[in-house]
Structure formats: C-alpha cells, structure tokens
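Every chain is numbered from 1 and lettered A, B, ... according to where its sequence line falls, protein lines coming before strand lines.
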There are 2 protein chains.
Amino acid sequence: MPTPTFFNLPEEKRKRILEVAMDEFATHPYSKASLSNIVVRAGIAKGSMYQYFDNKQDLYTYILDLAAQEKITYMKQEFDREDDFFTAVERLLAAGTRFSLEHPQLGRIVANSLDSTGEELLHDLYSKGREMSMEFFENMIKLGMEKGELRQDMDPRLVANLMYSLLGQGLADYLLETLGVTMREYLANPGIWKELTPEHVERVVTEVIKILRSGLQAQ
Amino acid sequence: MPTPTFFNLPEEKRKRILEVAMDEFATHPYSKASLSNIVVRAGIAKGSMYQYFDNKQDLYTYILDLAAQEKITYMKQEFDREDDFFTAVERLLAAGTRFSLEHPQLGRIVANSLDSTGEELLHDLYSKGREMSMEFFENMIKLGMEKGELRQDMDPRLVANLMYSLLGQGLADYLLETLGVTMREYLANPGIWKELTPEHVERVVTEVIKILRSGLQAQ
DNA sequence: ATATAATATGACCAGACAGTCATATGACTA
DNA sequence: TAGTCATATGACTGTCTGGTCATATTATAT
C-alpha cells in the first residue's frame, strides 16, 4: 500500500505518477518494467518514489489492484444473476471485450497478471486471481446445470477451464487483428477504437456464444 | 545458428549445454533467462558460449527451433489428413497434451513463445509461430465446412482464434491442476506423470471434443 | 522570526546482466 | 621439435537494475 504521503500529494502529481506507472506496467511484464524509467518519465526523483511506495512490488500490486477493481466494477454493471447461463456469459464476454478496447492500458495490466509463468515473486498473487475467476465460472456452470440449461454430463471444473481460456483477452486481440492492428500499436494509439463500435463487438460475441451453445458441428 | 565449433564439440558436452539452456528457457521467459547462469550450470566459461553462439538471442532461437521441431514431429505422427474434422482435432489435442506432459521442458519452451507480450525483440519471431498455427487451423476449418462437417455460418478466422485459445497449453495445465501440481513443480519433478496415463488424457480430450462438437447447451 | 515536522532530492551502492578480448591450452601437421 | 590452427578461459567493461540515505527544501505552527 502507498504511504499517507502519497495520498497527500497534489492530485495532479499523484495522477501523473499513476498514469506513467500504469503505462509502464501495461507495456512491460513486471520484471521488465523499470522504476528508473517511471520516475524519469514522471519527472520525480527516485527517492521520492520510495517515499510513496515501499518498493517496486508495492507499487505494482497497488496498480494491479486498481486495474482489477476497475474491470470488476465495469463487469458487475453488466452482470445480472437473474440471467440464464448463456445470456450471462454473453454479457460478460461483451463487457470484458469492450473493457479491453476502451481501457487497453488497464486491460493489459490485468491480462499480464493472468500469465504467472516466469514471475516467481508474484506467483501467489497471480494464482489468487485465477482461482477467483475459476470459482466464479464453476459456480455459474453448476447453477446452469441445476437449472437444466447446460448438459449435465460434463465436469464443471473442466468447463470452467475451457471458459477461462476462451473468455480472456482473446476476443479483443482477434478484433484488433481483423483491423491489422497489434495490441502494442493499439496501446500507443487507441484512437482506432472508432472503427470498433460496441455493435461490432456485440456481433462477434454473439457468434462466439452461438458456438459455445451449440458447438461447431453441422446440424 | 550455432557455429561449426559447437557441432564439433564432443557429444557429451554439447548435450549438457543444450540441456542446461533448455531448462533455463523452460523456467524463465527470454528476458529473465540468464546466460551467466547457464554457463555456470553447464560448467563452461562465459567466453566459450560466445564461441558457439553469436549471442543470447542466437542461442534462444536455436533452442526454440529445436523444441518446436520436436513438437511438430510428435504431432505429425498423430495427424492424418484423411480424418474428419473432429477426429483430427481430437488427435491433435491429445497429442499436444501428451507432449506437454511427456516433455514438459520442450512444452514450456514452446508455450512461452506463444505469449509475445513484453518481448519486443522477439515479437516478429513469435508472431510467425502464431500465424502458422492459425493458418493451419483455418484451413482445417474451411475444409471441414466444405465437407459439410461444420456449420457454415461461422467466420473461419474467428473459429481458428477460439481453437487457438482452447487447444494451447491449457489442457495439460488443467490435468496437473486436478492433481494439485503446478507446472513449475512438475517441471522440477516430472515423475508424477505416472498418474497421468495416456488413457486419462484421452478421457478428458474426448470430453472437450464433445463440447466442441455439440456445445454446452442441454438438448 | 523560529522551531518543527513533512517532503523532495540525486548521488551513490551493490548486484546482475550481456558481451569482449588478450591470453592460454590443446591438438594436429610438417 | 617447431609451427599452426582451433578451442577454451575468466577477468573485465559498460550498462542497467532496485534500493538507500544524508542532505536540502518547503510548509506549518508557535
């Protein structure tokens, strides 16, 4: 957690530091992100950073938490526990994809945290995030089975795993790819979002859900 | 590419260097893998490494290529272009999963290369691998559509994307998870493989294919 | 104006990194 | 034995890293 000093900072300065740090962690995995680089870009002294945060990990976890909270809030708006399974998944997938396109920086920070390989220091933190998602999915699936919306000859944990793979960053990446834009380029210039209207997102999401519902096989 | 000197090395020494380097690149992403660490563990001088390879990237690309070739060879054994779509996917998925469990080191090296975020240097190389897989999937899908095995109201590119997400490292990870083992632990002690028989893998693969075929929805 | 506390600073440190190079060792040839 | 070529070596360089700390600046209160 940041020190009280950090919260006493004039808002302009505090925001600037956060923005720069977010950009750094969105464009580099934890171990490659550079504190030295951040402080230079934010126009503050190295020592000052250590008046605000204990160390690199403290800064990172704070920022990851901010990003994750923002995404969760965004998704919760879209989630309605009264929805049937496929409607719920459709809305979650649409919301997640829109979030990644509207807030690519935050999206990347969260997405980076989902691949725990190679960051031993953060492995526990990262696992926790994955486990929470998995549990959420698993409960949705079990409920869908009880309500008779889903086939019951499946292992919920396995299905949750498949959904986790499917519903991640993948769809946003696919949409950018159809425009010939890499996520890297998009991060640097998100103006291209104009072409990716919510309707466009919705159309692709609908197709994915149709597949999730009925499979690939010809009738 | 390695220098002639490297290939002139006594086999024992050459193998030892490769083994150590593979382990390093399997357990660390490119930027975190340490040449200094490799040479110490392999018991050779730093300078010697530079008699064998131009630089770190040269060593890495060589090793990634070895791992990828090995996996491709393994998968090709299992692939039969006469198979119908779902049989082909089933066999590919089973083979890929078995490969990751039988050769976790090679599997990790390849899997690490599939996430190009944060390794700007290697971005082009990594993209090429992804594009080749995607093209392969896309062709399979188009063929399946033509043969009437698959629904034809889907965008092949989108389906290829979904398959790419689905058929990656995910299933091997899931299987390890059901045993309460992380990939990290498994890499250090692959002896646990005994519990993960090919039949076990086949059972889970069959379930995934059933879902891929007919979806999640209750009939 | 003075004293006290909060904040800002950047030179500095130790460690790790990829990569270099002059020198040493060995092996093979004449 | 002398000479030539391939190979091996590890001390060293330059650069970057996260992190520290004595000192300087600023704001607050008396």
Using a heavy-atom cut-off of under 4.0 Å over every strand shown, decide if [X] touches base, sugar-phosphate, or nothing.
| X | result |
| --- | --- |
| B:K32 | nothing |
| B:F53 | nothing |
| A:F6 | nothing |
| A:T5 | sugar-phosphate |

Does a side-chain N or O from [X] land closer than 4.0 Å to OP1 or OP2 of [N], or not?
| X | N | result |
| --- | --- | --- |
| A:Y50 | D:dC21 | no |
| B:S48 | D:dT7 | no |
| A:N8 | C:dA6 | no |

Report the nucleotide, chosen from [options], that has the shortest atom-to-atom distance to any side-chain atom of [X].
| X | options | value |
| --- | --- | --- |
| B:Y52 | C:dA8, D:dA8, C:dT9 | D:dA8 |
| A:S34 | C:dA18, D:dG19, D:dT17 | D:dT17 |
| B:K56 | C:dT9, C:dG19, D:dT20 | C:dG19 |

When the distance from [atom1] of [X] to [atom2] of [N] is rounded to whole Å, what number comes out?
| X | N | atom1 | atom2 | value |
| --- | --- | --- | --- | --- |
| B:L35 | D:dC12 | CG | C1' | 17 Å |
| A:K13 | D:dT26 | NZ | C1' | 11 Å |
| A:N55 | D:dT17 | CG | P | 17 Å |
| A:L121 | D:dG18 | CG | C1' | 12 Å |
| A:I38 | D:dT17 | CD1 | P | 10 Å |
| A:I44 | C:dA11 | CD1 | P | 16 Å |
| B:M49 | C:dC17 | CE | P | 14 Å |
| B:L9 | C:dA27 | CG | C1' | 15 Å |

Inset, instruction - Would you state whether a donor and an acceptor, one from the side chain of B:K46 and one from the base of C:dA18, lie under 3.5 Å apart? - result: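 Donor-acceptor pair under 3.5 Å: yes.
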Is it true that the side chains of [X] and [Y] contain a donor and an acceptor less than 3.5 Å apart?
| X | Y | answer |
| --- | --- | --- |
| B:S31 | B:E119 | yes |
| A:R98 | A:Y74 | yes |
| B:S34 | B:E24 | no |
| B:R157 | B:N161 | no |

Inset, instruction - Tell me which of A:A33 and A:Q51 sits closer to the 5' end of DNA chain D, going by the nucleotide each one is nearest to. - result: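 Checking each residue's closest nucleotide, the 5'-ward one belongs to A:A33.
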Legend entry - B:F53 side chain near B:Y60 side chain, heavy-atom distance below 4.5 Å: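 B:F53 does not reach B:Y60 side chain to side chain.
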